[in-house]
Every structure is written in C-alpha cells, then in structure tokens.
Amino acid sequence: MINYEKSLNPAQLEAVTATQGPVLVIAGAGSGKTRTIVYRLAYLVEKGIVPENILLLTFTRKAANQMLFRAGRLLERELGSVSGGTFHGFCFLLLRKFASVLGFNNGFQILDSGDCEDIIRDIRAEFKLGRGDRSFPRNRTILSFISKARNKEIPLEILIEKEAFHLGEYIQDIKRVENRYTIEKQRLCLLDYDDLLFFTERLLEEHGEVLDFVRAVYKYIMVDEYQDTNLVQARLASLMASQNGNIMVVGDDAQSIYGFRGADVGNILDFPNLFPGVKIVRLEENFRSTQPILDLTNNILAHMEKKFEKALFSSRKDGNLPELIRPVSDMSQARAVLSRIVELSGKYPLHEIAVLFRAGYHSYPLEVELNKASVPYQKFGGIKFSEAAHIKDVLCLTRMVGGSPDLLAWKRGLGLLPGVGPKTAERLYKAYEQGQHEDLLKFARKNKWFAELRELLTDLAGLENEPSRVVSSIIEFYKPYLEKQHAEDLPKRLAGLDQLQQIVAGYNNLDVFLADMVLENSDPLGFAAREDALVLSTIHSAKGLEWPAVMVIDLVEDRFPSRHSMQDPGEMDEERRLLYVACTRAKDYLGLFVPSSVYHRGSGFNQPVSESPFISELSTPSFCEFRENHLGMLKTPQSASFVRKDLGQSAVPASAYCKHKIFGRGKIVMAMPPNKYKVNFPGFGLKVINSDYLEIE
DNA sequence: AAAATTGACATTTTT
DNA sequence: TGTCAATTTT
C-alpha cells in the first residue's frame with residue numbers, strides 16, 4: 001500500500017483522494033502537479049477502478065506516458081491499459097473506430113500543415129487568386145487564419161478585421177478559399193487538426209450510441225494543462241464526463257501560452273460554472289525553484305494586466321540570485337552561453353542544462369558555437385521532424401501503400417520521379433482512383449522509374465501490419481532520389497531516415513504510425529531524452545518540464561516579446577506569461593541573456609537592440625547583472641559573495657557565477673542587490689553608480 | 001509539360 | 001536561411 005499522507009502535502013492529498021465528482025486543481029508552477037496526477041492514478045487503481053476506465057488527456061503523449069510509467073512504478077504493475085494521450089490523438093483513435101458512422105468507409109487521412117498548404121495552393125491556382133499580386137497573403141498565412149477562426153469559433157472576416165486589418169481587401173477571396181478548402185477535404189476524406197476535434201464532437205452529439213459507449217468506458221477522466229484547451233476541447237471533456245461527473249482538470253491560468261491557437265483561459269475560470277459543486281484545490285507550494293528564482297518570477301507576474309492572485313512560496317530558501325548577462329552581440333551571447341554551459345557542466349550532467357528561446361531560429365548562432373565546440377545538443381521545437389523534406393517524401397511514398405487513394409501523397413510521391421510533374425501525377429492518380437489499370441501500365445512502359453515504384457507498391461500491398469518492413473523498403477527505393485536531390489547534406493538526412501526506421505519499429509499498424517507522425521511532434525527518438533546532450537528548446541516545447549540550470553536568451557525588443565504581439569495588450573500578456581513559464585522551469589540556476597545587438601540579415605551588420613520591456617519593467621533588481629565591455633570580457637572576483645542579512649553569517653555562494661572565463665578583464669557593472677543582501681567582494685573596490693548599480697573594480 | 005533558373009522575401013509559438 | 005513563386009529553357 002502506498003502511504004499517501006506521507007508522500008503528499010495536504011492540498012495534493014485532497015486532490016488525489018477526491019475521486020468522485022468534478023475537481024478543479026489550480027496548480028502553480030512547480031507545485032507537484034505531475035506528482036499529484038501520478039498519485040491520483042495510483043489511488044484510483046488501488047481503490048479498485050479498472051485502468052481501462054481511466055482516460056488521461058495531456059498536452060503531449062510523452063507527458064502521458066511518463067505519468068503512466070511513474071504511476072505503474074508506484075503500484076509495481078503496468079498501467080498500459082489506461083488510455084492516455086493528447087486530445088487530437090484520442091480523437092483520432094475514436095474517429096478511426098467509428099469512421100463508418102461518419103461515412104468514411106475507406107478510412108481517412110490526417111493532414112499536416114504542409115498538406116494543408118498544398119491544398120490551398122491548388123485552390124488558389126484554380127481560382128487564379130493573387131496572380132502577380134505580391135501583397136496577397138501567403139498560403140501559410142491564409143491557412144493560419146482559417147484555423148484560428150475555427151479554433152476561436154468566430155467568423156473568418158471578424159478575425160481578420162481584428163487581427164489583420166491590412167488584409168481587409170482580401171476577405172472575400174480568403175472566404176472563397178476557406179469554403180473550397182472545406183469541400184476539398186471532405187471530397188478527399190482528409191481531416192486537418194481542427195477537424196479531428198470538431199468531427200469527434202459531432203460524432204458524440206449526433207450518435208447517442210457512441211456517446212453511451214464512450215461514457216461507459218471512460219468513467220474517470222483527467223485533463224492536464226487545462227488552461228491551454230480551446231472551446232471545443234472543453235466541450236468534449238464535459239460531454240464525456242457529464243453523466244457521472246468524475247472529471248478532474250488541472251491547470252494554471254498564469255501559464256496559458258497557447259492563446260494564438262485558440263486556447264481560452266476562460267475554460268479554466270468557467271469550469272466551476274460548468275460543473276456546479278466542483279471541488280477546487282489550490283497547489284501553491286513550489287517544490288522546484290529556489291526562493292530567489294521565485295522572487296523573480298513573482299516579479300514578472302506582478303506586471304500582468306489581468307492579475308490572478310497567486311502566492312507561490314518555496315521551502316528552498318537559499319540559492320543564488322538569477323543572473324542577467326548583457327553580451328555585446330548575439331554572437332557574443334552564444335559564446336557567453338557556451339562558457340556558462342562549460343562551467344555548469346562541472347556541476348550538472350549536460351541533459352540537466354537547458355537553453356530556452358522564443359522562436360526556433362533564435363538558437364542558430366548558439367548552435368554554430370556548440371558545433372564548433374563539439375557540445376552535443378538536442379533541439380526541441382522549431383521545425384517538425386516529420387516535415388523535413390526527405391522525411392515527408394518517405395512518408396508520402398508510404399501513404400501510397402495503403403489501399404485508399406490519397407491524392408496528396410500521389411502528387412508528392414510521383415513528383416519525385418524523373419519525367420513526372422504535377423499534371424502527370426494527377427492524371428495517373430485519376431487513373432488509379434477509377435481503376436483504369438491499362439493507363440497506368442502504359443505509362444509504366446514509358447517511364448522505368450514509375451514501373452519500379454509500381455512494382456514496389458504491389459509487393460508491399462497487404463503489409464499494413466508490418467509497417468517496419470514497408471518503410472525500410474520505401475527508404476531503399478528512395479535513397480537514390482535523396483542522393484540526387486540533397487547531395488550536400490546527405491549524411492544528416494540519411495541519419496534522419498535511420499531515425500525514422502527506429503521510430504516505425506515500435507508500431508504494428510501502418511495507419512496508426514502515419515497518424516502519429518502527424519500528431520506527435522515531440523522528440524523523434526521516443527520518450528527517452530538523450531542522457532548526454534544539452535537541451536535547446538522553444539519555450540512552448542519546454543512546457544511542463546524542468547531543469548536544474550536554465551538559460552533564456554534573446555531577451556530583446558522585437559524578439560521577446562515577438563514583434564507580432566506588440567499591438568494587442570492581450571497578446572502582450574501572453575508573451576509575459578511565456579517568460580514566466582521559461583523562468584519557472586529553473587530549479588537552481590537561472591541566467592537571462594540580453595544581447596546589445598543582433599545580426600540583421602538585410603544589412604549584413606549587427607544592429608543595436610534595446611532590452612525586452614519585460615526586463616525593464618522588473619522594479620527591484622531580482623538578479624545579479626553583468627555587462628560585457630566593448631574592450632573585451634570582464635572578470636569577476638573569485639571570492640565575491642552575497643550575504644543574506646537575515647541569515648546572519650551564512651554566505652550565499654554567489655561566487656559560483658563570479659569566475660567566468662568570458663569575463664576576462666575590465667570592469668563589472670552589476671545590479672544593486674535587493675535590500676536583504678549585502679555584497680562582499682574582498683580585495684575589490686565597490687563604487688555606487690546610482691541607486692540601481694554598483695561598479696566593481 | 002517538366003526542369004532549371006532567377007529573383008524576391010519573410011521569418012512565432014504547435015496539435 | 002531556405003523557401004516560394006514567376007520566368008525561361010529544354
């Protein structure tokens with residue numbers, strides 16, 4: 001038996017043991033949210049609930065797997081029979097099971113964003129929209145507005161009026177595209193991400209027997225990261241749970257960072273109205289970060305326009321102040337980060353150090369430095385593995401193996417063959433769809449590459465349950481094309497194909513594999529993070545994770561907050577929450593980097609940039625500041641330390657960050673520490689510059 | 001109709 | 001940085 005009282009604090013215990021009826025858990029960052037869910041899973045099973053009756057919806061499948069693994073370890077049994085995953089993944093499985101109910105007799109395919117763009121491109125060509133008009137919105141832009149309008153459930157024209165006024169003149173054209181897009185998807189049995197959710201809702205609402213089935217199976221529902229659900233997801237959850245009301249949702253409004261995708265903080269705030277009699281539990285004790293780090297994050301939160309009071313406190317009272325480092329440029333920033341990493345790696349293994357940033361490309365200069373220094377790293381976020389051109393090629397060829405016709409896959413797959421372009425590909429597809437095999441045969445006699453592909457597809461037909469064999473054959477077929485097309489970075493791409501083979505080895509069904517490749521962005525090598533690699537990640541992909549040492553880079557205007565968000569105060573708040581999420585990932589060390597200039601593509605020079613307003617607005621310095629001198633690097637005294645006045649004699653080992661090689665010589669300007677700290681730099685002169693800064697000579 | 005070439009351009013975040 | 005669309009050549 002598990003001793004819950006001993007392992008959990010009172011609030012956590014309350015959330016764990018409230019198994020009947022609706023529960024809302026407001027879980028501050030680092031408050032043991034995952035622990036609570038894990039123990040609750042175990043508790044339910046110990047109380048005799050059959051694992052099959054539990055549904056755990058999380059933001060990534062990786063998170064779900066981890067929780068199931070940990071609960072299983074507590075119980076000393078496998079919990080694989082709990083259903084867990086993302087909303088989208090769950091919806092896919094449900095729709096697949098009941099595809100025929102919705103009229104998809106030959107199944108359906110899931111579209112990734114590249115597929116969707118292809119459809120939009122065709123529609124634009126057909127309507128001859130935006131020919132020669134350079135300001136006509138890009139396909140990607142059109143698509144993102146269509147999706148956003150759907151997610152927010154507001155008409156497209158209103159969304160565009162509100163968020164993209166400059167596109168006003170194109171509203172009618174975009175609406176035409178939207179209509180056609182919907183029709184086209186239906187015709188080809190294709191579902192995009194949003195369709196998965198809306199079709200599932202329709203399935204449950206219009207088919208009572210399906211709803212009854214779902215309710216009978218999933219008697220206990222838990223939803224993690226509820227602050228990032230959108231309207232239809234919230235409706236799905238309540239639809240499935242409303243009969244017996246055994247639903248627990250967990251979230252933190254301060255960490256809502258997916259508004260751009262239609263996530264609605266209102267969901268978590270409205271939950272009590274949706275389920276009257278809900279039990280509300282607040283987890284406010286932070287087990288992750290040291291108090292100086294929490295002081296900084298509370299400081300960030302204090303500037304929120306819309307404030308929800310939250311009093312996070314830590315039992316880890318000691319610890320270093322977060323540091324703020326101002327390198328002269330982004331290149332210099334990369335070197336400074338590298339130098340910190342080298343130093344931190346004496347204390348922590350590489351995979352316990354993370355560098356976080358706002359957008360995928362912000363890490364490029366750093367990646368160059370890491371490669372030069374042969375520091376292994378693993379990057380999360382940015383481009384999706386399955387959307388890299390070569391992976392996508394292989395996946396499309398694989399899609400052609402399944403029996404059901406798939407126009408997009410045919411177009412891309414056949415387009416690889418010499419002598420075949422869009423027109424021919426479409427012609428061949430039509431022939432295939434209508435069973436005119438003679439036409440295909442005729443072309444095969446003319447084009448040996450097509451003949452070869454046809455033969456391969458025939459050989460692989462019927463191997464739906466051995467996806468691994470299918471994919472390896474496809475890869476062998478594809479390799480010559482890869483060599484021809486991507487000769488420059490061949491080794492990297494070949495390695496990617498190897499990875500793909502490793503991934504597919506874990507599947508026994510081709511369709512499920514293909515769907516997962518579209519639905520599962522997280523790490524390509526499964527849920528085992530590499531043990532020996534530094535972590536680079538966008539902040540969005542860092543959600544829910546934690547590291548002993550965290551660095552946040554590019555805290556400058558236009559990058560963080562992103563230039564796009566500057567107009568709307570609501571989006572500004574979301575950016576601020578994003579910084580909050582980034583900083584609350586840190587357990588012991590937090591480093592914030594503000595380069596004074598960044599490389600500007602257009603001019604080819606470094607342009608000066610000002611610091612992020614989120615840094616300027618921090619009222620009292622919650623950090624120790626270092627400024628890089630233009631003459632070179634600065635050296636800090638090794639014996640420097642901060643002494644907490646209220647702790648008497650015991651010195652805080654601030655020297656840990658005062659001996660960096662990058663700070664080679666010159667002067668240091670640092671922030672005046674908060675009142676309760678006293679600076680102690682033996683052997684060095686301290687000069688007060690103003691009420692905010694000290695200079696050390 | 002397909003392939004090669006040029007020229008412009010735009011870059012958040014993710015299921 | 002590479003991606004995307006328009007243009008020219010095969």
Side-chain angles (χ1 to χ4, degrees), chain A residues 57-61 85-92 110-114 116-118 121 124-125 130-141 143-144 147-148 150-151 191-197 225 228-230 232-233 256-263 356-362 364-365 367-368 380-384 386-389 414-427 447 484-486 488-489 515-522 537-543 554 558-566 571 574-575 577-579 581-582 599-602:
Chain A
L57 294 171
T58 56
F59 214 69
T60 63
R61 210 196 17 223
T86 63
F87 267 98
H88 291 88
F90 172 74
C91 288
F92 165 69
I110 302 177
L111 298 165
D112 67 16
S113 53
C116 299
E117 277 172 44
D118 289 347
R121 192 192 334 277
R124 259 181 72 177
R131 305 256 297 204
D133 178 357
R134 248 184 272 132
S135 55
F136 198 87
R138 323 226 121 241
N139 299 334
R140 170 180 311 172
T141 314
L143 191 65
S144 74
S147 173
K148 199 168 184 179
R150 262 188 110 192
N151 275 286
L191 304 194
D192 63 20
Y193 291 117
D194 306 327
D195 290 329
L196 288 172
L197 303 174
E225 309 280 11
D228 283 322
T229 53
N230 62 19
V232 63
Q233 285 170 329
S256 163
I257 54 175
Y258 279 89
F260 71 92
R261 187 173 100 179
L356 307 182
F357 32 85
R358 175 67 181 85
Y361 69 93
H362 291 168
Y364 290 162
E367 289 178 59
V368 171
F380 298 90
I383 37 141
K384 262 175 86 167
S386 63
E387 281 176 3
L414 293 182
L416 294 168
L417 310 176
V420 183
K423 293 281 179 201
T424 313
E426 198 153 347
R427 207 189 79 223
N447 184 314
K484 206 162 26 171
Q485 255 186 335
H486 304 283
E488 346 71 58
D489 49 359
D516 271 9
M517 289 304 293
V518 177
L519 293 178
E520 197 59 36
N521 172 46
S522 62
S537 176
T538 60
I539 297 168
H540 283 90
S541 299
K543 192 163 104 125
D554 277 333
D558 282 4
R559 291 195 167 194
F560 203 155
S562 161
R563 179 170 2 119
H564 233 83
S565 325
M566 295 294 274
E571 285 187 47
E574 180 152 321
E575 297 281 318
R577 288 194 295 268
L578 205 48
L579 179 62
V581 168
Y599 180 73
H600 190 257
R601 286 177 307 288

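From a predicted model like this one, the values you see are computed outputs, not experimental measurements. Numbered from 1 within each chain, the chains take letters A, B, ... in sequence-line order.
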So which nucleotide from C:dC4, B:dT14, B:dA1 ends up closest to the side chain of A:Arg140?
C:dC4
Stepwise side chain to side chain contact (heavy atoms under 4.5 Å, CB included) test for A:Phe560 and A:Asp554
CA-CA 7 Å; A:Phe560 203 155; A:Asp554 277 333; 5.9 Å; no
Atom OH of A:Tyr361 to atom P of C:dT3: distance rounded to whole Å?
16 Å
For A:Tyr258, report the nucleic acid contact type (base, sugar-phosphate, nothing); a contact means any heavy atom under 4.0 Å.
sugar-phosphate
May I ask you to say what A:Gly89 touches in the nucleic acid, namely base, sugar-phosphate or nothing, with a heavy-atom cut-off under 4.0 Å?
nothing
Taking the six-membered ring for Trp, is the centroid-to-centroid distance between A:His540 and A:Phe380 below 6.0 Å?
no
Atom pair distance, as rounded to whole Å: CE in A:Met517 and C1' in B:dT14:
16 Å
In whole Å, what separates the C1' atom of C:dC4 from that of B:dT13?
22 Å
Distance check needed: C:dC4 C1' versus A:Phe136 CZ, whole Å only.
15 Å
Excluding sequence neighbours, so at least two apart, what forms salt bridge (charged side-chain N to carboxylate O under 4.0 Å, His left out) with A:Arg121?
A:Asp118
Rounding to an integer number of Å, can you tell me how far A:Leu143 CG sits from B:dT14 P?
16 Å
Rounded to the nearest Å, what distance is computed from the CG atom of residue A:Leu416 to the C1' atom of nucleotide B:dA2?
14 Å
My understanding is that only residues two or more places apart in sequence, or in another chain, count here; which of them pass salt bridge (charged side-chain N to carboxylate O under 4.0 Å, His left out) with A:Arg150?
A:Asp192, A:Asp195
Would you kindly give the CD-to-P distance between A:Glu387 and C:dT3, to the nearest whole Å?
11 Å
ring-ring contact (aromatic ring centres under 6.0 Å, His included) with A:Phe59: which residues, sequence neighbours excluded?
A:Tyr258
Nearest whole angstrom, please: distance from the P of B:dT14 to the CG of A:Asp112.
15 Å
How many Å lie between CG on A:Leu196 and C1' on B:dT14, as a whole number?
14 Å
Tell me, what's DNA chain C's dot-bracket, Watson-Crick or G-U with both distances under 3.5 Å, | for other-strand, [ ] crossing?
.|||||||||
Side chains of A:Ser541 and A:Thr538: do they bring a donor and an acceptor to under 3.5 Å?
yes
Apply side-chain contact (heavy atoms from CB on, under 4.5 Å) to A:Pro422 and list each qualifying residue two or more places apart in sequence or on a separate chain.
none
Under the salt bridge (charged side-chain N to carboxylate O under 4.0 Å, His left out) test, residues paired with A:Arg140 that sit two or more places apart:
A:Glu117
Using OP1 and OP2 only, check whether a side-chain N or O of A:Ser541 sits under 4.0 Å from B:dT14.
yes
Between A:Gly419 and A:Glu575, which has a closest nucleotide on DNA chain B that is more 5'?
A:Gly419
Indicate, with a heavy-atom threshold strictly under 4.0 Å, whether A:Ser113 touches base, sugar-phosphate, or nothing.
nothing
Sugar-phosphate atoms are those with a prime plus P, OP1 and OP2; base atoms are the rest. Using that split, label each nucleotide of nucleotides 5-10 of chain C B, S or - for protein heavy atoms under 4.0 Å, 5' to 3'.
SS----
With A:Glu387 via salt bridge (charged side-chain N to carboxylate O under 4.0 Å, His left out) - residues at least two apart
none
With A:Ser147 via side-chain contact (heavy atoms from CB on, under 4.5 Å) - residues at least two apart
A:Asn151, A:Asp194
5'-most contact on DNA chain B (nearest-nucleotide basis), A:Gly421 vs A:Lys148, goes to A:Gly421
